[in-house]
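Just below is one structure, and these are the notes that go with it.
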Amino acid sequence: MSISSTKTTCPYCGVGCGVVVNMFDNGRVEVLGDPDHPSNYGRLCSKGSALGETVHLAERLLYPEIHGEQVSWEQAYSEIAKKFSGIIKQYGPDAVAFYVSGQMLTEDYYVANKLMKGFIGSANIDTNSRLCMSSVVAAYKRAFGEDVVPCNYDDLERAQLIVLAGSNTAWCHPVLYQRIVRSKELNPDLKIITIDPRRTQTSDVSDLHLPVRPGSDAILFNGLLVWLQAAGEMDLHFVETSTNGVQQALESAQQSSADINMVAQACGLSVDDVLQFYHWFARTERVVTVFSQGINMSSSGVDKINSIINCHLLTGRIGRKGMGPFSFTGQPNAMGGREVGGLANQLAAHMEIDNAVHREIVAEFWQTSTLASKAGFKAIDCFDEIEKKNIKAIWIMATNPVVSMPDANRVKAALENCEFVVVSDCVNNTDTVRLADVRLPATTWGERDGTVTNSERRISRQRPFLSAPGLAKHDWQIITELAQFMGYKAAFPYRSAAEIFDEYVRLTAYKKDPHRQLDLSGLSDMSLSEYNAMQPVQWPVTGRQADKLPMYSDGKFSTADGRARFIAITPQSPAATVSQQFPFILNTGRVRDHWHTMTRTGMSPRLSAHDIEPFVEIHPEDARRFELVDGKLAQISSETGAEIFVRIRLTERQQSGSLFVPMHWNLQFSAQARVGSLIQTVVDPISGQPEFKHAVANIKACDSSWYGFIISRQKPVLKYSRYWARSRGKGFWRYEIAGQETPENWATHARTLLNVEAGEEWAEFYDKADGHYRAARFVAGRLDSVIFIDSSILLPPRDWLISLFQKDSLSAKERAALLQGTPPADVEDVGKIICACFNVGEKTIRKAVMEGGAKDTQAVGELCQAGTNCGSCRPEITELVKQCVG
Ligand SMILES: Nc1nc2c(c(=O)[nH]1)N[C@H]1C(S)=C(S)[C@@H](COP(=O)(O)OP(=O)(O)OC[C@H]3O[C@@H](n4cnc5c(=O)[nH]c(N)nc54)[C@H](O)[C@@H]3O)O[C@H]1N2
Ligand SMILES: Nc1nc2c(c(=O)[nH]1)N[C@H]1C(S)=C(S)[C@@H](COP(=O)(O)OP(=O)(O)OC[C@H]3O[C@@H](n4cnc5c(=O)[nH]c(N)nc54)[C@H](O)[C@@H]3O)O[C@H]1N2
Ligand code: SF4
Ligand SMILES: [Mo]
């Protein structure tokens, strides 16, 4: 029986799905999609569905620590206040900084910003959204005069054409992808175009996939602008009454993209495909252009976004239902952070730090005389300043920069050499937490309480269903208490998230510029119970109900003259160019089932089964030229001087000349696979967002004299493994390992590795000459560990062995087959897990097609359940069906 049921919001992506969490008296936590939440109407993706597996307390940071010693909160605050105040006194407020995160709640963000900009008096607070959304913020501001996302999710259902540019929606915004797929089922006339150098799972649903040359999108959209005008598709009335600057934008576009043949050539596309795109765009009234990191993460990301917005302005396709330039935000509260001024160049409530009137309004509202008067350092510059020792103390909250920043080894070194590093996190051993002088245990999803804003400006509540473990506190609480310790008691009186929310809401209306759209005044003066019961609501909200019209439906924008601005765009190439030394473009991004640095998804066996180790995707032609073999290991290096070791995957989805490496693996999950260490620090000059998609790199085979794997209920002590990657299974750890140096004797080494004691049940097989070694340990009759080593990659598949770890004892047949690693004849091997919800393997799906006669994804689902819950694996099932049917 469920003992409690709580409505809250998923902590992962910017879709912001509502979830219902049911807690049972046996401690089980069930997470379901909230049927009433307008983001998802009950749907969830694989990550959301597996949330219940991630709320246990293993690896949690539970107590404040100074230099690894547990201390009281008093001691921690006193140490931080002393260090921060001392440094500020000696070197001024700009010698300290906060680095915060789009994974904090709006209330946390608001107080962090208020403390730094309002009271410490420096604007050195920046957020990981700098790496993610800052180009979008800058581009919307240039075009509309304010950072306003002018679209809603239901526009995706009303559109007749959806262009997905630089967005792997199927994996990164899966519930929106599901909504798009559903729209297409209901409306077969809906066209979908994907623009991505890779053919992703998202492109599989598209009517047209444009595998652009990396970094060439602005040429393509400039070409569209020219073409639309030439084809007479301009909305003259709208352009004349609601915009400025069309002429200059058209002239620039003419210069780069007048000729369609040149556009096609520059973008590496066929003329027919480009024309098809332009025709569809021109002839379809309701067009939504979605864009994400393939556009944003560029040294000219702001321009690329404006080149997209220009096309919507020219055709007047904005401010009405079913159309608009739509940025999908990454993190759950990237948008909330933008609202409360998490970036170093903003104040709160969409006010600007370089605007004297705004400064006056905020200083008056906060009643402070020490408001920062100039922008602070943006994230990349901030870490440079730490390296130069100009910033001497930093407080990092809810982000893992040692993994996620470009040139990550330099960031790591900068933190190692920084005088004073404070980290607030919920996990005790991230690559960044490890470097902290003071560690502060924060509550996390399930415990924390506040609000987040999603990609369509919808504010939802995150509500707690668990109490704070150990001595953990909410982020807003930690910041508030520290502020009080530093002497700012009157300005930080908060006793609840609700009080902070109310203050923020009032600020959005205080002496408000009439052009500004961000206005939450309808939510002010809520009682605690009203705040607790608050329903998801989109801003602007000036009454108790949200304003229902599309943004800018009156053709009046947030600029002083009410007109939107065309921006003249001169397309730029990525900053780094390939050379003989670094002949590949290095593209980085996400996989379906992991979230960022894996601190949460790495805890879920289901999510960890999909991609178990770091990899590089490379086109088979390139692999042949560079003598790289599928399944072996590669060493990738770049201009930063760093190198990483990852598994090679050949795929024709990858464009020749470029590599794709996921961003997730870090020092806790793999020996050396932090791809951020290879990314040169090149940023967009306007936004400061790094170019994570177009670094240059070299790749070569990483010769190993042995390969192997360990599946064990214990954590092994690894030696000799130049390469290792660990992933969590249900009740065991799985390690993939490889090395160049071979131990003298595997039989002795394996025992040390797994800490095998005399008298334990240990079965082994060793062919020393051939380098084959296999062993298994049993504890009380139960399989405890297996280790398989070979001189080649031809090791048995792991799936059957893994299934044995779910059993309390093995049959005689299973034991006999164990060290062969292949199931006895009458036992089925299900293959690599595809459907994470129902644990359905590739072989089972293939069988459903080949033997069960399933002809499509739905039929596969009916036969074996695969793909019938969250749907995140449906593109892969579709691909398997295609492969099997031929
Ligand atoms: N599963 C999962 N989902 C996530 C996250 C996660 O960690 N895991 N993180 C969330 C966050 S914070 C974010 S920001 C979003 C990111 O969501 P997305 O932006 O959709 O994801 P990415 O994989 O970073 O990159 C998107 C695509 O850009 C393509 N690309 C690279 N270069 C170019 C180019 O020059 N032009 C074009 N047109 N495309 C290019 C890449 O090949 C890639 O497929 O995902 C969110 N959702
Ligand atoms: N190479 C490459 N690098 C990238 C990207 C890329 O595409 N390629 N993408 C970039 C983008 S878009 C993003 S958004 C970043 C993300 O990068 P990060 O922000 O560094 O990644 P996360 O793993 O999400 O880090 C969140 C941290 O907060 C902790 N945490 C979770 N909940 C709470 C909480 O409630 N309170 C506190 N205090 N801590 C909490 C987690 O344990 C974790 O350590 O990575 C960027 N880096
Ligand atoms: S799409 Fe998935 S990860 Fe994103 S909010 Fe919804 S359930 Fe969470
Ligand atoms: Mo992001």
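We count ligands from 1, going down the list as the structure has it; atoms in each ligand are counted the same way.
Salt bridge absent: R600 and E59 never bring a charged side-chain N and a carboxylate O closer than 4.0 Å. Under 4.0 Å is where a charged nitrogen must lie from a carboxylate oxygen, and between D108 and R448 no such pair does. A salt bridge links E617 with R198: at least one charged nitrogen is closer than 4.0 Å to a carboxylate oxygen.
The closest side-chain heavy-atom distance from F383 to P401 is below 4.5 Å. Counting only heavy atoms from C-beta outward, the side chains of N168 and R592 never approach each other to under 4.5 Å.
When non-hydrogen atoms are compared, ligand 2 lies under 4.0 Å from the backbone of T444 as well as from its side chain. Of all the heavy atoms of M104, none lies under 4.0 Å from any atom of ligand 2, so neither backbone nor side chain is involved. Within the 4.0 Å heavy-atom criterion, the part of C10 lying near ligand 3 is the side chain and not the backbone. At a heavy-atom cutoff of 4.0 Å, ligand 2 is contacted by the side chain of Q331 but not by its backbone. Contacts between A442 and ligand 2, counted as non-hydrogen atom pairs separated by less than 4.0 Å, involve the side chain only.
Nearest protein heavy-atom contact of atom 4 (Fe) of ligand 3 is C13 SG, 2.3 Å. Atom 3 (N) of ligand 2 has its closest protein heavy atom at F692 CE2, 3.2 Å. Taking atom 8 (N) of ligand 2 as the reference point, the nearest protein heavy-atom neighbour is T588 OG1, 2.8 Å. Nearest non-hydrogen protein atom to atom 24 (O) of ligand 2 is Q103 NE2, 2.6 Å. When only non-hydrogen protein atoms are considered, atom 42 (O) of ligand 2 lies nearest to D425 OD1, 2.6 Å. The closest protein non-hydrogen atom to atom 11 (C) of ligand 2 is R590 NH2, 3.3 Å. Scanning the protein heavy atoms around atom 35 (O) of ligand 2, the nearest turns out to be R448 NH1, 2.6 Å. The nearest heavy-atom contact from the protein to atom 2 (Fe) of ligand 3 is C45 SG, 2.3 Å. Among protein heavy atoms, the minimum distance from atom 19 (O) of ligand 2 is reached at N128 ND2, 2.7 Å. Atom 17 (O) of ligand 2 has S404 CB, 3.1 Å as its closest protein atom, hydrogens excluded (heavy atom only).
Atom 6 (Fe) of ligand 3 has an N, O or S atom of C17 under 2.8 Å away, backbone or side chain.
Any N or O atom pair closer than 3.5 Å counts here, and T443 shares at least one such pair with ligand 2. In terms of polar-atom proximity, A398 is counted as a contact of ligand 2, with an N or O under 3.5 Å from an N or O of the ligand. Taking any N or O of H596, backbone or side chain, at least one lies under 3.5 Å from an N or O belonging to ligand 2. Between W445 and ligand 2, no pair of N/O atoms sits closer than 3.5 Å.
The side-chain tip of K47 does not point at the ring of W595 from less than 6.0 angstrom away and within 45° of straight on. For the pair R179 and Y153, the cation does not sit on the ring face, since its NZ or CZ is not both under 6.0 Å from the ring centre and inside 45° of the axis.
Among V661, I679, V402, the one residue that satisfies the side chain to side chain contact (heavy atoms under 4.5 Å, CB included) test with R674 is V402. Just one residue in the list N333, T444, N128 forms a side chain to side chain contact (heavy atoms under 4.5 Å, CB included) with Q103, and that residue is N128.
A donor-acceptor contact under 3.5 angstrom links the side chains of H610 and E876, judged on distance only. The closest side-chain donor-acceptor pair between D449 and Q462, if any, does not fall under 3.5 angstrom. Between the side chains of E691 and S299, a donor-acceptor pair is found at a separation under 3.5 Å. With no hydrogens or angles considered, no side-chain donor-acceptor pair links T640 and D407 at under 3.5 Å.
Which parts of ligand 2 touch C132 is read off a 4.0 Å heavy-atom cut-off, strictly below it: atoms 12 (S), 14 (S). Each of the following atoms of ligand 2 lies closer than 4.0 Å to a heavy atom of T599: 41 (C), 42 (O), 43 (C), 44 (O). Near P174, the atoms of ligand 3 lying under 4.0 angstrom from a non-hydrogen atom of the residue are 1 (S). Using a 4.0 Å cut-off to heavy atoms of D475, the atoms of ligand 2 that qualify are 34 (C), 35 (O), 36 (N), 37 (C), 38 (N). Distances below 4.0 Å separate heavy atoms of M297 from the following atoms of ligand 2: 5 (C), 6 (C), 7 (O), 9 (N), 10 (C), 12 (S). Close approach of ligand 2 to C426 (heavy-atom distance below 4.0 Å) involves ligand atoms 30 (N), 31 (C), 32 (N), 33 (C), 39 (N), 40 (C), 42 (O). With ligand atoms numbered from 1 in the order given, ligand 2 contributes 44 (O) to contacts under 4.0 Å with heavy atoms of T430. Residue-ligand proximity, T597 to ligand 2, at heavy-atom distances under 4.0 Å covers atoms 21 (O), 22 (P), 23 (O). Proximity to V427 (heavy-atom distance under 4.0 Å) selects the following atoms of ligand 2: 42 (O).
For atom 25 (O) of ligand 2, the nearest non-hydrogen atom from the set D431, T399, N666, N429 comes from T399.
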* Stepwise ring pair (Phe, Tyr, Trp, His ring centres under 6.0 Å) test for F465 and W445 -> CA-CA 9 Å; F465 55 89; W445 183 79; 5.3 Å; yes
* Run the side-chain hydrogen bond (donor to acceptor under 3.5 Å, both in side chains) check on Y109 and T127 step by step: do they pass? -> CA-CA 10 Å; Y109 239 133; T127 146; 2.7 Å; yes
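From T6, atom OG1 reaches atom CZ of R461 across 11.0 Å, with rounding to the nearest 0.5 Å.
Classification of the F660-F615 ring pair by plane angle, with boundaries at 30° and 60°, yields tilted. Using bins of under 30°, 30° to 60° and over 60° for the plane-to-plane angle, the ring pair W476/H474 lands in the parallel bin.
In this structure, V403 does not count as a contact residue of ligand 2, since none of its heavy atoms falls inside 4.0 Å of the ligand. At least one heavy atom of K693 sits less than 4.0 Å from an atom of ligand 2.
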